[in-house]
Amino acid sequence: MTKAHSAAFRLATWNINSVRLRIEQVTRFLDEHQPDVLCLQETKCREEEFPAKAIRAAGYEHMAIHGQKAYHGSAIVSRLPLSDIDRVDFCAMGDARHVAATVALPKALSNADAVRVHSLYVPAGGDEPDVVTNPKFDHKLRFVAEMGDKLQADASLPTLIAGDLNIAPYEEDVWSHKQLLKVVSHTPVETELFEATREALGYTDTMRRHVAMEEKLYTWWSYRAKDWAASNRGRRLDHVWTCQKWSERSTGISVYTDARSWTKASDHAPVIVDYA
DNA sequence: ATGCCTTGTTCTACAAGA
């Protein structure tokens, strides 16, 4: 089943939670939604273990992969040519949490012939929202700050930042603002840093550009709920940020929650953004 | 607040997720 779409450029991002285990879900998603570019996080394999053959067979010949054994891992798969592949080791932990590439756009697109895409996986941050007692939380905050600094320096091309940023910034980005204020992903220190970082870059929260602040919007639902859809205790942890040059160009977003219902699903649903 | 579940590996126990 192949669905055509009218967007000039379609970007998607998905924390796949093991790309090898769910490669058939990836190719199904590519086939059904036809993004030009798909950013993946938590691929959980080395570059040489990445299921490139199946992705190529799905019509996505271009890949930028930053892998490591068992943990993390980020990738960009594309049907448009990629160049200038870069892998930043934020916080010098040796983690494969970032990969970037320049996407060559079809000539039909006006104003620009390339866009820079970053696929990011921000650390979850552990349980305790305290930088003194919890090194993982400290790492998370330093990661976001460093991300802001490093991406500032790479602003020559129109830029899209996509990925699992592991922070739900707004009240309606979580199922209960009050109950999650002290839960890592929605604490004020995180959400304030998140917003300050995005604003310093001058980027748009593209999902919220198209979905009113008053509306609940989630991309992740815990595996631990007996019935994720019925309890619907979600959080918006996955994001697409669009630079000023392109901020007005987005025409719509969707969270493909169907994928959360698939057998052996990832705990994250894909996010799709269309650009005119 | 925790973790009702899930991942990959050091594989039947563990660390990590968020």
Side-chain angles (χ1 to χ4, degrees), chain A residues 13-26 40-51 65-75 90-91 93-98 119-131 133-144 163-191 193-194 216-239 255 257 259-271:
Chain A
T13 184
W14 194 6
N15 177 321
I16 194 65
N17 187 17
S18 178
V19 70
R20 289 179 295 176
L21 196 67
R22 281 181 254 283
I23 183 57
E24 288 179 4
Q25 297 187 34
V26 172
L40 293 167
Q41 300 85 33
E42 283 209 87
T43 52
K44 293 190 173 177
C45 64
R46 301 175 185 91
E47 182 166 352
E48 61 269 28
E49 295 162 336
F50 193 88
I65 299 161
H66 190 186
Q68 71 181 81
K69 187 178 175 179
Y71 294 106
H72 321 312
S74 48
F90 294 103
C91 301
M93 304 278 285
D95 289 350
R97 294 177 179 274
H98 166 270
S119 177
L120 269 153
Y121 176 48
V122 170
D127 289 327
E128 186 68 30
D130 186 322
V131 296
T133 59
N134 177 10
K136 290 178 185 176
F137 192 68
D138 180 60
H139 176 212
K140 182 179 196 175
L141 298 185
R142 287 188 295 105
F143 190 103
V144 174
D164 177 2
L165 303 185
N166 264 322
I167 294 172
Y170 306 133
E171 294 195 12
E172 305 309 325
D173 290 340
V174 293
W175 64 274
S176 169
H177 171 63
K178 278 189 177 176
Q179 290 180 78
L180 288 168
L181 271 171
K182 291 180 179 176
V183 174
V184 172
S185 71
H186 193 62
T187 65
V189 63
E190 291 170 87
T191 59
L193 173 65
F194 188 89
K216 292 286 189 191
L217 188 58
Y218 312 141
T219 65
W220 171 89
W221 293 260
S222 173
Y223 281 127
R224 287 174 181 159
K226 283 190 181 74
D227 182 335
W228 72 275
S231 63
N232 198 23
R233 294 185 170 189
R235 305 179 202 171
R236 184 169 72 107
L237 302 179
D238 302 273
H239 299 268
V255 180
T257 53
R260 184 65 183 78
S261 300
W262 289 350
T263 304
K264 295 279 279 179
S266 167
D267 46 355
H268 294 252
V271 177

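Note that these values count all heavy atoms, side chains included, but never hydrogens, waters or copies made by symmetry. In what follows, chains are A, B, ... by sequence order, proteins preceding strands, each numbered from 1.
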Looking for any heavy atom pair under 4.0 Å, which part of the strands does [X] touch: base, sugar-phosphate only, or nothing?
X: A:F137; value: nothing
X: A:D267; value: nothing
X: A:E42; value: sugar-phosphate
X: A:R22; value: sugar-phosphate
X: A:H186; value: nothing

**OP:** Please identify each residue that fulfils ring pair (Phe, Tyr, Trp, His ring centres under 6.0 Å) with A:W262, with sequence neighbours left out.
**Re:** A:Y256
How far, in whole Å, is [M] from [N] if one measures between their [atom1] atoms?
N: B:dT2; M: B:dA13; atom1: P; answer: 25 Å
N: B:dC5; M: B:dT10; atom1: P; answer: 26 Å
N: B:dC14; M: B:dA1; atom1: P; answer: 28 Å
N: B:dT12; M: B:dT6; atom1: C1'; answer: 16 Å

Original post:
Closer to the 5' end of DNA chain B via nearest nucleotide, is it A:N166 or A:V183?
Top reply: A:V183
Original post:
Given that A:V122 and A:L21 both sit by DNA chain B, which one's nearest nucleotide is further toward the 5' end?
Top reply: A:L21
Original post:
What class does the angle between the rings of A:H177 and A:H186 fall in, given that below 30° is parallel, 30 to 60° is tilted and above 60° is perpendicular?
Top reply: perpendicular
Original post:
Heavy-atom distance under 4.5 Å between the side chains of A:Y121 and A:E42, does that happen here?
Top reply: yes
**OP:** Could you list the residues that satisfy side chain to side chain contact (heavy atoms under 4.5 Å, CB included) with A:D127, not counting sequence neighbours?
**Re:** none
**OP:** Could you tell me whether a side-chain N or O of A:R236 sits under 3.5 Å from a main-chain N or O of A:T219, the two making a donor and an acceptor?
**Re:** no
Subject >> Any donor-acceptor N/O pair, A:S266 side chain to A:N15 backbone, under 3.5 Å >> reply: yes
**OP:** Go through the side-chain N and O atoms of A:E190 and A:S185 and say whether any donor and acceptor fall under 3.5 Å apart.
**Re:** no
Subject >> Heavy-atom contact window of chain A on DNA chain B, given 5' to 3' at under 4.0 Å >> reply: B:dA1 to B:dA18
